[in-house]
Each structure stands twice: as C-alpha cells, then as structure tokens.
Participant: 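Before I ask anything, here is the structure I am working with.
To find a chain, count down the sequence lines: A is the first, B the second, and so on, and within it residues start at 1. Scope of the values below: all heavy atoms of this structure, side chains included, with no hydrogens, waters or symmetry mates. Just so we're clear, the structure is a prediction, and the values are computed from it rather than from any experiment.
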Amino acid sequence: MIINLKFFASLRPYMPGDKDESWVDVQMETNVGEVLDYLKVPPDKPKIYLLNGVHADRETLLKEGDVLSVFPPVAGG
Amino acid sequence: MYKGIVRVNMKTLEITHEDVPEKWGAFGGRAMTSAVLLDEVDPLCIPLGKNNKLIFAPGLLSGSSAPISGRLSVGAKSPLTLGIKESNAGGQAAQILGRLGIRAIIVEDKPEDPGKFYTLEVRAGSITVVECPELKGLGNYDTVDKLMAKYSDKKAGYITIGQAGEMKLLAASIACTDRELRPTRHAGRGGLGAVMGSKGLKAIFLDDSEVSMRQPVDKEAFRAASKKFAKALKEHPVTGEGLPTYGTNVLMNIVNEAGGLPAKNFRTGSTDCAAKVSGEVQHDMILERGGKVAHGCHSGCVIQCSRIWNDKDGNYLTKGPEYETIWAHGPNCEIDDLDAIAIMDRMDDDIGLDTIEMGATMGVAMEAGILEWGDADGVIKLLEEVGQGTPLGRILGSGAKVTGECYGVDHIPVVKGQAMPAYEPRSIMGIGVTYATSPQGADHTAGYAIATNILKVGGFVDPLKPEGQVELSRNLQIATAAIDATGLCLFVAFAVLDKPEAFEAIYEMLNGFYGLNLGPDDVTELGKTILRAEVKFNRAAGFNEADDRLPEWCMTEPLAPHNTVFSVTDDELDSVLDFV
Ligand code: SF4
C-alpha cells in the first residue's frame, strides 16, 4: 500500500531523494515506527507523528493513502 | 540610580521620582503594569484621554546577568480591547531601564496641543522631556536614524512610535530597538502605540552607558541559579536547538499539518500556501542571502529565535519575520511569497503596526472584497495607505473588527476586539480557551496551549477534544503571568514545562538576586495575583461573561480538515479563572 511520508525541520535529510516528501510502498500491517526504522531515522530524533493530521505514535498502524508527517522537537510562538 | 518609579506628566512636562511603594515592591513587568493600572487608572476612562496612563516596566530580573531576562512590559487601558493591556516586547529597553534602577516609567496626562510631540531622554544622571517637531510624521526607521544622529548610535536604546501611533490608530504598536538599533521589536498588541501617540510621546531615548550590570544580593546563589537555568535551556531540544535553527516559523508546517492553521481568514484549517512560507524554506533563504539565523533580540538571550532577513540583493530588510507575521500576512491571506511578506513586515514595523492585527485585518479586507485573495501587491498598497492616513488606511489601521464592521463582514476573527493569532480554536481547543478567557483578549502568548495540544511539550492534551483544555489553559495563564513579571522571555516555558530544574532556577534566581526565600507556590501566587488584578480591572470596565466567548462561528461552522467546532462549554469557560 502507498503512504505519503513527510519529514520536517532537522529530519529533512532522512528523506530519500533529497525531497521533503515522498510516496512509499509499505506492506499491510506496517506501523509508524517500522517505516521510520526502514528509512534509518534514529528513533530518538522524531518527537511528533501526525497521521492524517491527528497525533499518532510509533505503534500506530498505517493504511493505504495515509499521510504521515514526522517532526523533531519544535516550538515557537 | 533612580528611586524606582518615574512619573512623566505630558501636560506640565514635569518629571517626579518616587520610591516603589511597598504594595508594588515584589512586582516587575506585567505584575507592575497591571498593578499600576488597577490602582491608578479609572477602568472606565477613555483610552486615548488624559486619564489613561502608559506604563513601561522592565521585568524583575531585567538589567541583571540572568539569562534571557530583558523583556519589557508596556501597559495601559487598551483602545482596541477597552480592557487592561500588557504588551510584551524584546529589544534592549528593559535591560537598560533595569540597569538605570527604573522599575516603572508612568506616563500621565496629555499635552494641551495635540499637534506637539516630545522625546523623553532617560540618562543615568537626568531625565528630561524635549519637544521633537523634527520627528513628526516619520516612520520608526527614520525616527531612530534621526535620534541616533542626535543622541547615540552605540550603547543606547530607543522606544518609538511611527505614523500609526501618531494618528492614534487602534492597531498601532510601540517599537523597541534591538542590539543593532533597529526598531524591530514591538509591543504590538492592543493598540498601545495609539496611547503613546495620544500622550504626544514620540520617542524615548535610553542611555545606560554610564551604569553597569545590576548586582545581586547573594552573588553565589544567583550565579548558581543562572548557570542552572542557562544549562537547562541549552539542553532542551526546543530552546537549545529547534528555536535557534529554524526560529518561530518552524511552526508553520506542523500547525498546518495538524489542521490548526487559520487560512483564508479562518475559513479552513490548512492550506498549500504553508509549505512555501515555512520555517524550513525561510531558513534556507536566509542563509543563501547572507542573513542570520540564531540571532538574539536583546543582549543576554541564550535561545536566539530571532533572525535577520535580507532581500534578494542581500541587503538588510527586516528581522525574522516571525511565525505570527508570516501566517497573518501569508496563509491567512492566501499569500505564499516570503519576499512580499518580509516587505509587509518591514512596513508594519516602520509605520508602527501590530503585524498580527494587520494581517488579520487584510484577511478581513479580502473577505470584504476590498482586494482579491492572494493579492500581495494590493496588501502593500493598502499598508502604504495606512501610513499615509487616507480614510481607508485609517479604517484598516484600526484593526480587524473596525474594518469588518465598516464593510459588513460577518466573519471577523476577534475576541474582546483583538484579532486572533495563528492557531485555529476549533482544531486546537486549548488555545481557544485562552483566546476566550484571557483578560488580554485573543492572545496566544497569554496561555500557550499549543505547547501541549500540538508540540507535546509539558505532556499532551488532545487538541480536537474539549476535555482537559480548561485546566491546561488555566495553568498556562497563571504560569505565563508570573514569567511576564520576571522579564524572562516566554520561550523559556518550553524548557520549564519539561524540566523541573528550569522551573526551580527561576525562583532561585529571584531569591539570589533580591535575597528572598520564594518557593514554587509563590510563583503560582504571583501569576494569580496578576490575573486577579486584570480581571478586576476588566469587570470594572464593564466586561462580563459574554466577553469571554469566541465568535459565534467558532461554535457553529465546522472547520476542515477535521470538521470540528469549538466545543468547550460556556460553563467551563466561566470556570477557567475561577480563582480570581
Ligand atoms: S528567544 Fe527569541 S523572542 Fe525570546 S528573547 Fe530570545 S530572540 Fe527574543
């Protein structure tokens, strides 16, 4: 199944192909953490996982067409 | 060293000095401005009339070597909200006032001739008021250039108003110069520039060249606490790395992805514009053009969220711009051009306008059909009109509410007359509680629920549900008020919320500096004392529960992409500040 993956701020270098987002083909029953491990994102770097705009965690299962946005610790105001 | 309280009468031009009365003894920053207003200003006074007062108060730690302690509070009855106002600014002013031993400058009355403008000169040995006809009609940049030629272009600070303040427009800000002596740090919210203009005060020159750093009572304890505080800020990934690298605008993508970015005048919660004006894009453009990331808005800032923006030719144009400004003039107006937004930021700073209020106003103007969505050139032309004071310019310069009402718009994003900032209350409900209930009107900084709703700082409360938002906003409003009294930048809160030692260090620095024995409960009590004063002032000014509500459409029009409405109940809202 295809998911849309977006990395932000200091996680940008981990996105394959020097882009900010990509569409990756993952197996059914894959969770958030497994996709990030596959892309060699160190597990202590991301802090916030938004799945279709809703907060998720590394255990959340993915489904076809999901948009997964991953952020390091960030803040502003 | 001065006695602490300096009163400046703009009618008689007399200056008097007083010791800090005991009742205000423990107050600085927002605690001081709100206490002076409650004690001395009739809440029913006309904000631009002679009975309003304008107060400048550095924080309790300003002027000391405590890290990041140079924030200034400016207070008055707001002509925009008609309630109490504390507007907080960076820049050098608070550090200088602190070093001069000034705890508050209270500006009173107004000149009999409304056409006259004055400069207040504040030096170590003397404080005087002089007429400054040569500054009349100038923007903040030209004003500061002329002041530097007359006074100093070195160790000094300037507080000024631009044309908007002179015209007493409701969105007028008060500018403070930064370390490079540029008028880029504004007490933006609530139209306090108009109050300064009404008093005929065009500028304040601050000179601390002959004084040194304030010294603590207990040097050792203060040094240890300051060190502990700086270490905690450096270690926290947000204050130590995220903010210096990407600045406040790192929020653009995450708030947009979370569906909480008010786009097109709060008509939808996300937009394609966001990615084009994000903190990441801004960061890369700044570096390509030889600008600066990791810049401090005042000396002693260890977080350094500020940046210097150069134009396409590599020449300085403005600071930042900050997330709020980029949102307000950008996605809120369907504008996705950072260069155009930077020009707007520069114009706002020069004319002396609150960037949040002006961006929100332009969104309302687009809603009204005054110009097309996304018309960046049109916004720049309208901002020129504000500076020139054309009839339309004066309407726009009076903010989102006035503009919307003049043009029959039914979708005006304000609470207590003040524009809502860059977070949608329907999909980030904690911030909606703060917008609704803060005595300051719609103000994200008054209780920054985004930290816990979106950024997972200080835990996590689901932004899309009403549960837990009241308690979150209440606790943040109390903590924020206390921080605003210290002179510390509110951004220390990201570390304070996660690291107990950072919170401890705050009262330990106060203890070391003043020889006190404060504990955590005293910090909470200080925050509550401030909020009590502000609520009391507002009630006497005629505010009631109905003023603590969001615009009706927040409860009735579901917002994409999550299709939620703001669903914290009225009873719950009325319980937020139940301790007052
Ligand atoms: S963190 Fe940013 S806003 Fe706060 S004092 Fe430093 S530069 Fe100014």
Participant: Do B:Glu241 and B:Tyr246 pair up side chain to side chain, a donor and an acceptor below 3.5 Å, judged on atom types alone?
Facilitator: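 B:Glu241 vs B:Tyr246: no donor-acceptor pair found between side chains.
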
Participant: Roughly how far apart are B:Leu251 CG and B:His444 NE2, rounded to 0.5 Å?
Facilitator: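 B:Leu251 atom CG to B:His444 atom NE2 measures 9.0 Å (nearest 0.5 Å).
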
Participant: For A:Phe71, is it the side chain, the backbone, both, or neither that has a heavy atom closer than 4.5 Å to a heavy atom of chain B?
Facilitator: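 Contact with chain B: side chain only.
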
Participant: For the CD atom on A:Glu29, are there more than 12 heavy atoms of other groups (residues, nucleotides or ligands in this structure) within a distance under 6.0 Å?
Facilitator: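 No, not enclosed.
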
Participant: Please flag which part of B:His562 lies under 4.5 Å from any non-hydrogen atom of chain A: side chain, backbone, both or neither.
Facilitator: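 The answer is the side chain of B:His562.
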
Participant: Looking at residues at least two apart in the chain, or sitting in another chain, which of them share a side-chain hydrogen bond (donor to acceptor under 3.5 Å, both in side chains) with B:Ser270?
Facilitator: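 Per chain and number, B:Ser270 pairs via side-chain hydrogen bond (donor to acceptor under 3.5 Å, both in side chains) with no residue.
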
Participant: So which of B:Ile450, B:Thr239, B:Val250 has the largest heavy-atom pair count under 4.5 angstrom toward chain A?
Facilitator: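 Going by pairs under 4.5 Å, I would pick B:Val250.
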
Participant: Chain A heavy atoms under 4.5 Å from B:Ile454: which part of the residue, side chain, backbone, both or neither?
Facilitator: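 When you check distances to chain A, atoms from both the backbone and side chain of B:Ile454 fall under 4.5 Å.
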
Participant: Considering only heavy atoms and a distance below 4.5 Å, find which of A:Pro73, A:Ser69, A:Gly77 pairs most often with chain B.
Facilitator: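 Greatest number of close heavy-atom pairs with chain B: A:Gly77.
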
Participant: Taking all non-hydrogen atoms of both residues, which atom of B:Arg307 and which atom of B:Thr245 are closest, and how far apart?
Facilitator: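 For B:Arg307 versus B:Thr245, the nearest heavy atoms are NH1-O, 3.0 Å.
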
Participant: May I ask you to name which of A:Val54, A:Leu50, A:Val74 has the most heavy-atom pairs under 4.5 Å with chain B?
Facilitator: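 The answer is A:Val74.
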
Participant: Please classify the contact of B:Pro421 with chain A as side chain, backbone, both or neither, using a heavy-atom distance under 4.5 Å.
Facilitator: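 B:Pro421 has no heavy atom closer than 4.5 Å to chain A.
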
Participant: With a 4.5 angstrom heavy-atom cut-off, could you sort out which part of B:Asp284 is near chain A: side chain, backbone, both or neither?
Facilitator: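 Side chain only.
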
Participant: Are a donor atom and an acceptor atom from the side chains of B:Ser473 and B:Thr434 found within less than 3.5 Å of each other?
Facilitator: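 A pair is found: one side chain offers a donor N or O, the other an acceptor, under 3.5 Å apart.
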
